[in-house]
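These notes are about the structure you will find just below.
In what follows, every chain begins at residue 1, and chains take the letters A, B, ... in the order their sequences are listed.
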Amino acid sequence: MGKRFPEYKTLDLSQINKDILKIWDENDTFHKSVRELNDKGEFVFFEGPPSANGIPGIHHVMARTIKDAICRFKTQCGFEVKRKAGWDTHGLPIELGVEQALGITKEDIGTEKISIEDFNKACRTDVMRYTDLWEDLTRKMGYWINMDHPYVTYDSRYIETLWWLLKQLYSKGYLYKGYTIQPYSPAAGTGLSSHELNLPGCYRDVKDTTCIALFKLIRDKKSEFLFKNIDTDTVHMMAWTTTPWTLPSNTALAVGEDIIYIKVRSFNPYSGNPVTVIIAKDLLKAMFPDSDSAGELSDYKTGNKKLPYKILEEFPGRKLHGINYEQLIDWVKPDPGAFKVVTGEFVTTEDGTGIVHIAPTFGADDYRISKEFGIPPMIVKRKDGSFGPMVDKKGYMVPIADLDDRFVKDRVNISTYKDFEARPVKNEYDASIPEGSETIDVDIVVMLKQQGKVFRIEKQIHSYPHCWRTDKPVLYYPLDAWFIRTTAFRERMIELNNTINWKPQSTGTGRFGKWLENLVDWNLSRTRFWGTPLPIWVTEDRKEEMCIGSAHELKTEIEKSVKAGFMKKNPLENFVPGDNSQENYEKFDLHRPYVDEIVLVSPKGKKMFREPDLIDVWFDSGAMPYAQAHYPFENKENFHDMFPADYIAEGVDQTRGWFFTLHAIATMISDSVAFKNIISNGLVLDKNGNKMSKRLGNAVDPFTTIEEYGSDPLRWYMLTNAQPWDNLKFDMAGIDEVRRKFFGTLYNTYSFFALYANVDNFRFTERDILVNMRPEIDRWIISLLNSLVREVRKCYEDYDLTRAGRAIQDFVTENLSNWYVRLNRKRYWGGDYDNDKIAAYQTLFACLETVSRLAAPLAPFYMDQLFRDLNNTTGRHNEESVHLAIFPEHDESLIDKNLEDRMDIAQKISSMILGLRRKVSIRVRQPLAKIMIPVPDKSFKAKFEAVKDLVLAEVNVKEVEYIDDTSAVLVKKIKPNFKTLGPRYGKLMKEISNAVMSLGQDEITAFENSGTHQIDINGQRVALTLEDVEIISEDIPGWQVANDGKLTVALDITVTEELRYEGIAREFVNRIQNIRKENGYDVTDKITVNIEDHDFVREAVKRHASYIGSQTLATTVNLVNSFSGNNIREVEIDDVIVKIVVSRNN
RNA sequence: AGUCCCGUAGCUCAGUUGGUUAGAGCGCUACACUGAUAAUGUAGAGGUCCGCGGUUCAACUCCGCGCGGGACUACCA
């Protein structure tokens, strides 16, 4: 039995990090953990793929710690937790990064400057630029994930699964081509992503002409009610716009269903003609700011500043629904069904008139609502047969010359339109227009004014987005795009979402739930270069379409095309269907430009070209449950073992990103959730609460942090400082605190254990001493330990890592170290190796060993070292690592709440007595005779008896005296119990409270004796029982007394001669121990002590020589008159200086 | 603008179904203790529990309206 518990000089968590990593590598611990413990079946985890073209930040440590901890916990519980790493390799950020690196823009790609081929090649290398860093971080932070065969989204097999998924949707009719209103830069000729729109400086204040237009209602059955009680021939609705150039494309008006509207009689301020108009009631004052309803309509003269008005009627918006109106500007005739009033949820009364002008071709809301109610958009037919909005892609009103002749003849009013055709809607689009020239907006408004169709014209400043490349205003413009009909699955997605366990719950029901309720179809199209191509081929007349769902299918179709003579060669000719090896799938590339070169043949024998779009990268990542398995080409049979996930975790910013796409695809393809439990964490901010950014220089580098502190304190800090979904204000000082407070204390506790266990040769070879044979304090810490195991397991199972960590930390620092070890120190040093000592070692060992297993998911490095140090010496477990050891189970029979209560009392009373000592300046080494404790009831006395010795030893007092409840020496205080009285007496509480508090000592005593008391409150009799009050013994006159809640304790501070001698003896013990230590003696060395004979100490040393000797391992303690030698020390005891010599025996 | 999160001591955070002295750690001040010692204990100072209303006998806690910080989605007359 040569093995000893390793003892360390210092706690170096950074070094431990490295040592343990080495051991894990040597033993292949991670792979073993996945394989060896799997008796409970699979626990499925999905890794959200990071993009490797960015440098990992500290927030990644946060998210990954959360992922890792749960997976490690489940592993310890006996599940097989496979976790495959992955890389997100497509997408705009990567393209933009490459553009920047190469100094090019999107327009250059596919030109002479750079081919698509070269650009994509650059993307492919660039995207994996920092994989080394990522792998390094993964390793160092202790994130266990299988990086042997990560899934990579640009891999042909991955893309093949995506195509298969798309084809499933396509075949069921859920993939369709439509158009959507997107931000579009006419100057740059390209659509803009929301990302580009959010670049700083994009939104700028501009001055635009706004107007309130008057839409004339058509009198029919629906509108008849509006024409009653009026003195004008017409009724108009007023609508405000900041973009008058969209008015010619108006095809509807929107009102709020529940908004109250009013019909008002007034005048057109420009023409002076009487008008009857409709606006929202709330906006009346905004429409007639200078007016006065008291003004008589008949007094009005054209040009008057004040517009008199009169409210004729009010009604809710829903009554307006379906009413028809005349076209405002008759340049082009739309399809039938236009010019209707409809109701829309987005209508507010915050500005404008409460009536919204709808131009479906130029607004997202407009487009949506027009679709909902079947309102046709204003569409023109061009010479080439295509249809489009009234504004062309360069930002000009469509020139008549571009329009289809027949269309012009049937639909266009040339006489009114000719003055406006071919003008830019924003002057910025035409460089030849001098600055300051009138805009088309102004001309349109002037025209409306002449026609009496406008109520007010104003210049207004508002913020408007600009293209970050050209600096010119952006247009919201309808663009072609492919959509997934996610709206068809909305209900099902909501249903399935309700079965998911969200942490925090509110993200699931709130942010995610609301998002699902307002779901729109998923716009899949991206007009970019580096991404998964849309596998749809279409004939030029767009009559035939084909969606390809696998490489095999593509190969077959190309073969047909080669046969038809459309292609010379099959790029997939060497591909062997069914061979899923990487080599086989590297024989071709599905990316652009190669996929664009593939021309297929339609069933009718026509050429088919690929739709040039790429798909949204979020589809890539959302499809990972399928694509990481290359489903269904591989893993078809065992797919149910890897889907859905039991657990995922990412930042809350992924709610509409990865969380949504996972959920959507799983719902649509498998009618299942993609994940059952989810933790979404918040942001990591700097210590001042600012967002971290490279620009501000406040970003924290995870590598240097781990190097300095080690991963464990970093992980522990991040998880325990705040709930993961709260933002974390990251402060290095916090990591340091965790290191000192938690790891330092745990390390100290272990060091203490190791020191004495080695001295006593404790190796846990003895049989476990029955718990009920161990002393009270052992049973107490064992009880707490089992409570802790129960709680921690519950927290982990509830995915609450923060509470788990806090509970462990609290146990270690407060209970184990600060109470159990502190009170038990004497059991470990000196004395015989008897059952009591063995029990002490076994108890402390069990605590440390259990803590190592409880905390291993959170702090995998140090806990493994602790576990190994304990285990290698004792062989208690077969497992070589804590991560292979089973998670502890609690033993309910060892939990004794009563015992925990009594120890709580002991702790409180001890600290109260120490407080009293401090108050009267009597140091703890000075023994005192007794304490007195009032006993409120019998059970209290029994409780305290059990812990009496602990308390007395801790506070250095000889005995305890219980004061009987009825004793007259106690001064009592009485307080009402609101909890019992409140429900019964309600409003009388205040007065009852006053009455109870003012009871005198005699009354209280009488109350206690009889058990009841009656008081009168305003003539009402209130009967009190002892349940209804709390009686505290507050004071014992003539004694030093302390109170804490119900507890009261008194201290006898008389120091007798005998006590004083004992106190002096203790002072000597203390001084001698210090000298031993200064002299560097081993804890087992025997010594001889000579003390100068001095009046002040003589009696004390004489009487307590053997006590001093036993405490300091002194074989003799002598009083001497003179000293020789050079090791004479002077010690000061109560201001008296005494010489002393301590020497080691040979 | 909408949805969600957060707001408690100088700082970081607890605060269980509403119950009357709102807690801990860090930091600060003072004093102790010391064979775990780069620890530890005790005491002190430090709070309009973001504000205003409401419900209630009683609100840090429940409801409403705001304010401040943050995230996401949108940008619309």
Q: Considering just the side-chain nitrogens and oxygens of A:K9, establish if one lies under 4.0 Å of OP1 or OP2 belonging to B:rA38.
A: no
Q) Using atom P of each nucleotide, how far apart are B:rG41 and B:rC33 to the nearest Å? A) 15 Å
Q. RNA chain B: A:P504 or A:T802, which has the more 5' nearest nucleotide?
A. A:P504
Q: Using the C1' atom as the reference point in each nucleotide, state the distance between B:rA36 and B:rA30 in Å, no decimals.
A: 26 Å
Q) CE/A:M732 to CG/A:L714 distance, rounded to the nearest 0.5 angstrom? A) 8.0 Å
Q: Look at all strands and tell whether A:R740 reaches a base, only sugar-phosphate, or nothing, counting heavy atoms closer than 4.0 Å.
A: sugar-phosphate
Q. Can you find a side chain N or O atom of A:K741 that sits less than 4.0 Å from OP1 or OP2 on B:rG25?
A. no
Q: Rounded to whole angstrom, note down the P distance from B:rC52 over to B:rG68.
A: 16 Å
Q: Kindly say if A:N818 contacts the phosphate of B:rU40, meaning a side-chain N or O under 4.0 Å from OP1 or OP2.
A: no
Q) Expressed as a whole number of Å, how far does the C1' atom of B:rU61 sit from that of B:rU16? A) 11 Å
**Q.** Candidates B:rU12, B:rU73, B:rG25 - which lies nearest the side chain of A:W515
**A.** B:rU73
(Q) Students often get this wrong, so: under 4.0 angstrom with heavy atoms, is A:R803 touching a base, only sugar-phosphate, or nothing? (A) sugar-phosphate
(Q) Does this structure show an ion pair linking A:R806 with A:D810, if we count only N-O contacts that are shorter than 4.0 Å? (A) no
**Q.** P spacing across the pair B:rC76 / B:rC60, given as an integer number of angstrom
**A.** 45 Å
Q: Output yes when A:D798 and A:K503 qualify as a salt bridge under the 4.0 Å nitrogen-oxygen rule, no when they do not.
A: yes
Q: Could you let me know what B:rA43 is paired to, Watson-Crick or G-U wobble, both distances under 3.5 Å, or none if it's on its own?
A: B:rU29
Q. Going by the angle between their ring planes, with limits at 30° and 60°, are A:H663 and A:F512 parallel, tilted or perpendicular?
A. perpendicular
Q.
For a quick check of understanding: with a heavy-atom distance under 4.0 Å over all strands, which category does A:S817 fall into, base, sugar-phosphate or nothing?
A. base
Q) Looking only at atom P, what distance separates B:rC63 and B:rA1, rounded to whole Å? A) 24 Å
Q) Between B:rA58 and A:K979, is there an OP1 or OP2 to side-chain N/O distance shorter than 4.0 Å? A) no
Q: State the pairing partner of B:rG68; accept Watson-Crick or G-U wobble contacts with both distances under 3.5 Å, and report none otherwise.
A: B:rC6
Q. Hey, does A:R806 reach any base, or is it just sugar-phosphate, or nothing, if we go heavy atoms under 4.0 Å?
A. sugar-phosphate
Q: In whole angstrom, give me the gap between the P atoms of B:rC62 and B:rG44.
A: 32 Å
Q: Would you indicate which nucleotide in B:rU20, B:rU12, B:rA36 comes nearest to any side-chain atom of A:F978?
A: B:rU20
Q: Looking at every strand, decide which applies to A:D726 at a 4.0 Å heavy-atom threshold: base, sugar-phosphate, or nothing.
A: sugar-phosphate
Q. Is the gap between the ring centers of A:Y828 and A:Y841 under 6.0 Å?
A. yes
Q.
Under 4.0 Å, counting only non-hydrogen atoms across every strand here, what does A:D731 touch: a base, just sugar-phosphate, or nothing?
A. nothing
Q) At under 4.0 Å, does any side-chain N or O of A:Y476 touch on OP1 or OP2 of B:rC76? A) yes
Q: Counting heavy atoms from C-beta on, name the nucleotide in B:rC13, B:rG25, B:rA36 closest to the side chain of A:T749.
A: B:rA36
